[in-house]
Amino acid sequence: MKYRITRTEVPNVLRFMAFFKTVIAKLATEATSNRCNPFITFVLGGPGSGKGTQCVKIAETFRFAHLSAGDLLREEMSSNSENGTMIHDIIKDGKIVPSEITVNLLRKAIHSSGNHKFLIDGFPRNEENRIAFERIVGVEPDIVLFFDCPEEEMVKRVLNRNQGRVDDNIDTMKKRLEVFKKLNLPVIDYYSAKGKVCKINAVGTVNEVFEKVQPVLAALRCIRDDALDIESSSSSSAAAVDAATRYHNRTKHSLTGGYARGPRGLDWANQPNPFLRFLSSPLLPLLHSPPEPHDDSPLYHSVFSSSLPPPQPFSHASISRLLYDSLSLSAWKSTGLSTWSLRVNPSSGNLHPTESHLLSPPLPLSQQQPSSPPFSSSSFLAHYSPKDHSLELRASISPPDLPLHRSLLLAFSSILWREAWKYGERAFRYCNHDVGHALAAAAVSAATLGWDVCLLDGLGHDDLHRLLGLDRSNPPSPDRLPDRPVRGRLPWVESQHPDCALLIFPFGGTPPSVDYAELALALSRLPAMEWLGKPNSLSKDHVCWDVIYKTAEAVKKPPTYGEGFSVNPFHRSPLISPDLYKDMTVRQVVRKRRSAVDMDGVHVLEKDTFYQILLHCLPSGELGLGEKQGKQFTLPFRVLTWDAEVHAALFVHRVRDLPKGLYFLVRNEEHLDRLKSAMRSEFEWERPEGCPAGLPLYRLARGDCRELAKQLSCHQDIASDGCFSLGMVARFEPVLREKGAWMYPRLFWETGVLGQVLYLEAHAVGISATGIGCYFDDDVHEVLGLQGLEFQSLYHFTIGSPVLDKRILSLPAYPGPGIDA
Ligand SMILES: Nc1ncnc2c1ncn2[C@@H]1O[C@H](COP(=O)(O)OP(=O)(O)OP(=O)(O)O)[C@@H](O)[C@H]1O
Ligand SMILES: Nc1ccn([C@H]2C[C@H](O)[C@@H](COP(=O)(O)O)O2)c(=O)n1
C-alpha cells in the first residue's frame with residue numbers, strides 16, 4: 001500500500017521541508033566560505049630547479065599539504081579522462097596546459113585535503129594561470145618561494161632524473177626553459193613587486209638548499225601559529241590522533257567541495273584477485289553444512305535470547321560450521337558476461353579486503369578426513385580460503401603451545417589495496433567497516449555452536465603481525481613511503497595489515513583467563529617457526545594511495561597487557577514477538593543475506609518490525625530499572641571490548657503509523673546530554689508513538705526527508721527508496737584523545753558490527769539492507785547541527801524492500817566455477 005501524507009501532517013511536512021531546504025541551500029554557500037582561509041605558498045623555479053624535492057621536505061617538516069600542479073596533471077593524463085591525451089601532448093611539447101583544467105584540479109585537491117597550509121608546486125606557470133587561480137579559488141598566495149638555479153644545473157638534474165617522465169629529454173627541456181623565461185619569470189616579477197617573493201639559491205646539495213629554506217618557513221605566521229599545536233601534539237600519541245583526524249577530514253566527500261581523492265576510472269586489468277592463496281601450503285578441506293531441509297542451526301531469533309545450544313567441542317566438524325556460516329562463499333552470480341562470488345560476510349563494493357586466520361588446537365578429524373596429520377597432531381595456524389572452504393596450513397605450533405586454554409583464536413587482517421583499487425583514499429574507512437562485519441558474522445555463527453567471542457584487544461599491532469607470520473609473507477615495504485599517490489608495480493601494496501584477534505570459547509561458565517604478557521611472549525617465538533606457503537600475487541600493477549598506509553601506521557595499536565581480559569555478562573536482546581522472524585534459522589539468514597542494489601520505493605514497514613529491528617541494535621539489551629544502554633552485553637556487540645560509541649540518526653520514510661521524519665537512536669545513554677547540546681536546538685527529542693519502554697529512540701523533527709537522505713548519500717536513490725535510512729554517528733575526537741588513535745579503526749569496526757545486525761535483521765524480517773559508505777560527511781553533520789569533530793557520521797545504511805535484477809543468475813557457492821572473481 002502506498003503511504004499517504006495525512007491532512008494533519010501537511011503543515012509539519014512543509015515546515016520540515018522548508019527547514020531542510022534552507023539547510024541544503026546554506027550548505028552550498030557555506031561549505032566554501034566557512035572553511036578558514038588557507039595559507040597558500042606558490043613554489044616556483046625553472047624545470048629541474050628542485051621545487052618538488054624541497055616541497056617534500058617542507059611538507060614533512062612543517063606539515064604542509066604538498067600539491068604539485070605537474071603531478072595532478074600527470075595523474076589526470078594517466079586516468080584516461082577526456083583531457084588525458086591533450087595534457088600528454090602539451091607536456092611533451094614543454095607548453096602550458098589551459099588554466100581552467102589545472103586550477104580546477106588544484107581547487108579540488110585543496111578542498112579535499114583537510115589541511116590548511118598548502119605548497120602549490122610548479123604553479124602559476126604564466127599570467128593566465130595566476131589570474132585563473134585568483135578568480136576560481138578566490139585567494140592570493142601568502143608567499144612565493146622561488147628556487148633560483150643556473151640553466152646548466154637544471155638541464156643536468158632533469159636528464160638524470162630517471163622517473164620515466166615524457167618531458168625528461170633534451171628537446172622538451174630546451175622548450176621548457178624558453179617557456180620558463182618567457183612566461184614564468186613575469187609571474188615571479190609580478191609577485192616580487194608585491195613583496196611576496198622569497199628567492200632561494202638552489203645550488204648545493206638537497207640538504208644544503210633545505211638549510212636555506214628552513215628559516216624562511218619557520219618565520220611564517222602560519223608556522224608560528226601552529227607551533228603550539230605541534231608542541232601539544234609532540235607526544236607520539238597526540239601526533240597519531242592528529243594523523244587520524246587529518247586522514248578523516250581529507251577523506252570526506254562534500255556536496256560542494258567534491259569527492260575524496262580516488263581513481264577516476266576503474267583499472268579492470270588490475271582488479272585485485274579476491275582470493276589470497278598460500279601456494280603449496282598443506283590444505284585441510286572443511287565440511288559443508290547441510291542446507292534445508294537438513295538445516296540444523298538454531299532459530300535466528302533464539303540466539304539473541306539466552307537459549308543458546310550447549311557448547312560443541314572444537315573439532316573439524318564444528319570449525320567447518322563456524323567458518324561456513326560466517327566467512328565462506330554464499331553464492332556465485334553471473335550475467336553471462338561476467339561471474340563473481342558473494343560471501344556470508346558483507347563487504348563494500350564486494351571487494352573483500354578482510355582475510356581470516358585460525359589458531360586452533362590439534363583437531364580430532366572426522367572420518368571423512370583421515371589423512372591430515374599436520375592438522376591433527378599439533379596446534380596450528382591456518383589461513384582460511386573461502387573459495388574452496390578450506391584451511392591452508394601456515395605453521396604447526398610445536399610445544400610449548402600458546403597459553404590459550406579451551407579456546408580458538410580467529411584473527412583478521414586487511415589487504416587495503418583491494419578496497420583502495422576502487423575507492424582510493426577513502427578505502428581505509430571501508431576496510432574497517434568490513435572488519436566489523438566479519439566480527440559480527442563470526443560472533444553470530446559462534447553462538448549457534450554454543451560459543452562466545454571477545455576481542456583479544458590487549459594485544460598490540462606488532463603481536464598480531466608476529467601471530468600471522470606477516471614478516472614472512474608480506475612483500476618488503478619501502479624504507480620510506482611515497483609522499484603522493486604513486487602508480488606502478490608495487491607488490492608491497494598487497495601486504496596484509498593485521499587488524500585484530502578474537503578469542504572463541506564455550507558459552508556460559510567461567511571465561512578462559514588470558515595472561516596477555518605471557519601470550520605476547522609466546523607470540524614472539526612464532527617468527528622463528530617454519531612458515532609454509534607463498535602468497536599469490538593479486539594484481540600486476542598498483543596504485544599506492546600513500547595516505548592510507550601512513551594512517552594505518554599512525555593508528556597501530558600499542559599493547560595494553562595490563563588491562564587484562566574480561567568478558568561481559570550476556571544479556572538478552574528484547575523480543576517483541578518471535579513471529580516477526582517467521583521460523584528462519586540462523587543459517588538461512590546469514591547465508592541468504594544479500595546487499596540490495598535498489599529499493600522499491602513503496603514498501604511500508606510495520607511499526608513493530610521497525611521497533612524490533614532497533615531493539616536488536618541495542619548494545620545492552622534488557623536492563624533493570626534505572627539502568628542505561630551503553631555496555632556491550634548483547635550478541636554480537638559483546639565481541640567489542642569498549643562501551644558503545646555509535647548512535648544512529650534515522651531518516652524514516654515509510655513505517656506504518658509513524659510520522660516521516662528525522663529520529664535518533666541513542667545507543668549509549670551516557671552521551672544523551674552531550675548529543676542534545678551538540679545538535680540543533682530546534683530538535684524536539686520527542687518519544688515516538690508506541691515506542692517500547694526500553695528503546696531510547698527520539699523524534700527530532702517531522703517531515704518527508706527522502707530528498708534530503710538521497711542528497712546526503714551522494715544522490716543515491718537507494719537512501720530514499722527504502723523504508724528508512726540512517727547515519728551512524730560516533731562520538732569521535734574525544735574517544736581518540738581519551739583512549740588513543742588506535743580507536744579510529746575500532747569506531748569503524750563498531751559501525752560494521754551494527755551494520756551486520758541491520759543486514760541480518762532486514763533479511764530475517766523479509767526485506768533487505770545495504771551499507772552506504774558514500775555520503776557527504778560534513779553536510780550530514782550540518783543537517784544534525786553537529787560542529788567540529790566531537791561526533792562524526794561514519795557509516796550509512798538503508799533498509800527496505802529490494803528490487804531484484806532478474807537478469808543476474810544465481811549459482812551455488814560450492815562447487816564454484818573455478819575462477820578468481
Ligand atoms: N639540490 C639538488 N642537488 C642535486 N640534485 C637535485 C637537487 N634537488 C633536486 N635534485 C634532483 O634533480 C631532479 C629534479 O628535481 P625536482 O624533480 O625536485 O625538480 P623540479 O623543480 O620539481 O622539476 P620539474 O619542474 O621538472 O618538476 C631530481 O632527480 C632530484 O632528485
Ligand atoms: N601550472 C602548470 C604546471 C605544469 N604544467 C605542465 C607543463 C609542465 O612542463 C609539466 C610538468 O610540470 P612540473 O612537474 O615540472 O611542475 O606540467 C602546466 O601546464 N601548468
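For ligands, and for the atoms within them, numbers begin at 1 and follow the listed sequence. A quick note: this is a predicted structure, and the numbers were derived from the prediction, not measured.
When Ile91, Leu44, Ile90 are ranked by how near their heavy atoms come to atom 17 (O) of ligand 2, first place goes to Ile91. If you check each of Met154, Arg161, Arg74 against atom 28 (C) of ligand 1, the one with the closest non-hydrogen atom is Arg161.
Considering only non-hydrogen protein atoms, atom 20 (P) of ligand 1 sits nearest to Lys51 N, 3.6 Å. Annotation: atom 19 (O) of ligand 1 to nearest protein heavy atom, Gly50 N, 3.3 Å. The shortest contact between atom 22 (O) of ligand 1 and any protein heavy atom is with Gly52 N, 2.9 Å. Scanning all protein heavy atoms for the shortest distance to atom 27 (O) of ligand 1 gives Arg165 NH1, 3.0 Å. Of all protein heavy atoms, the one closest to atom 4 (C) of ligand 1 is Arg157 NE, 3.7 Å. When hydrogens are left out, the protein atom nearest atom 8 (C) of ligand 2 is Arg125 NH2, 3.7 Å; that is the closest non-hydrogen contact. At the shortest separation from atom 1 (N) of ligand 1 among protein heavy atoms lies Gly204 O, 2.8 Å.
The backbone of Thr205, and not its side chain, has at least one atom closer than 4.0 Å to an atom of ligand 1 (non-hydrogen atoms only; backbone = N, CA, C, O). With a 4.0 Å heavy-atom cut-off, ligand 2 is reached by the backbone of Val97 and by its side chain too. With a heavy-atom cut-off of 4.0 Å, Gln163 does not touch ligand 1 at all.
Within 6.0 Å of NZ in Lys196 there are more than 12 heavy atoms belonging to other residues, nucleotides or ligands. Counting heavy-atom neighbours within 6.0 Å of Lys92 NZ, excluding the residue itself, gives a total of 12 or less. No more than 12 heavy-atom neighbours from other residues, nucleotides or ligands sit within 6.0 angstrom of NZ on Lys108. Other residues, nucleotides and ligands contribute over 12 non-hydrogen atoms within 6.0 Å of the NZ atom of Lys175.
In this structure, Phe39 has its ring center no closer than 6.0 Å to that of His116. Ring pair Phe776/His715: centre-to-centre distance below 6.0 Å. For Phe42 and Phe123, the gap between ring centers is short of 6.0 Å.
For Cys55, the closest heavy-atom approach to ligand 1 does not fall below 4.0 Å. Not close to ligand 1: Gly45, with no non-hydrogen atom less than 4.0 angstrom away. Ligand 2 has Lys95 within reach: a non-hydrogen atom of the residue lies less than 4.0 Å from it. Every heavy atom of Gly70 sits 4.0 Å or more from the atoms of ligand 1.
Cation-pi geometry between Arg426 and Tyr775 is satisfied (NZ or CZ under 6.0 Å from the ring centre, within 45° of the ring normal). Cation-pi geometry between Lys117 and Phe64 is met: the NZ or CZ atom falls under 6.0 Å from the ring centre, inside 45° of the normal.
Under a 4.0 Å criterion applied to the non-hydrogen atoms of Arg165, ligand 2 contributes the atoms 11 (C), 13 (P), 14 (O), 15 (O). The contact set between ligand 2 and Gly122, taken as ligand atoms under 4.0 Å from a residue heavy atom, comprises 1 (N), 2 (C), 3 (C). Annotation for ligand 1: atoms under 4.0 Å from non-hydrogen atoms of Thr53 are 9 (C), 15 (O), 16 (P), 18 (O), 30 (C). Near Asp167, meaning under 4.0 Å from any of its heavy atoms, are these atoms of ligand 2: 11 (C).
Considering backbone and side-chain N/O of Arg176, one or more are found under 3.5 Å from N/O of ligand 1. Any N or O atom pair closer than 3.5 Å counts here, and Pro47 shares no such pair with ligand 1. Considering backbone and side-chain N/O atoms, Val209 never comes within less than 3.5 Å of an N/O atom of ligand 1.
Using the six-membered ring where Trp is involved, Phe180 and Phe146 have ring planes that are tilted, between 30° and 60° apart. A parallel orientation is assigned to the rings of Tyr795 and His433, their planes being inclined by less than 30° (bins at 30° and 60°).
Test Arg429, Arg246, Glu425 against Thr251 for side chain to side chain donor-acceptor pair (under 3.5 Å) and you get one pass: Arg429.
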Would Ser99 and Glu128 satisfy side chain to side chain donor-acceptor pair (under 3.5 Å), going step by step from the backbone distance to the final call?
CA-CA 6 Å; Ser99 299; Glu128 191 207 51; 2.4 Å; yes
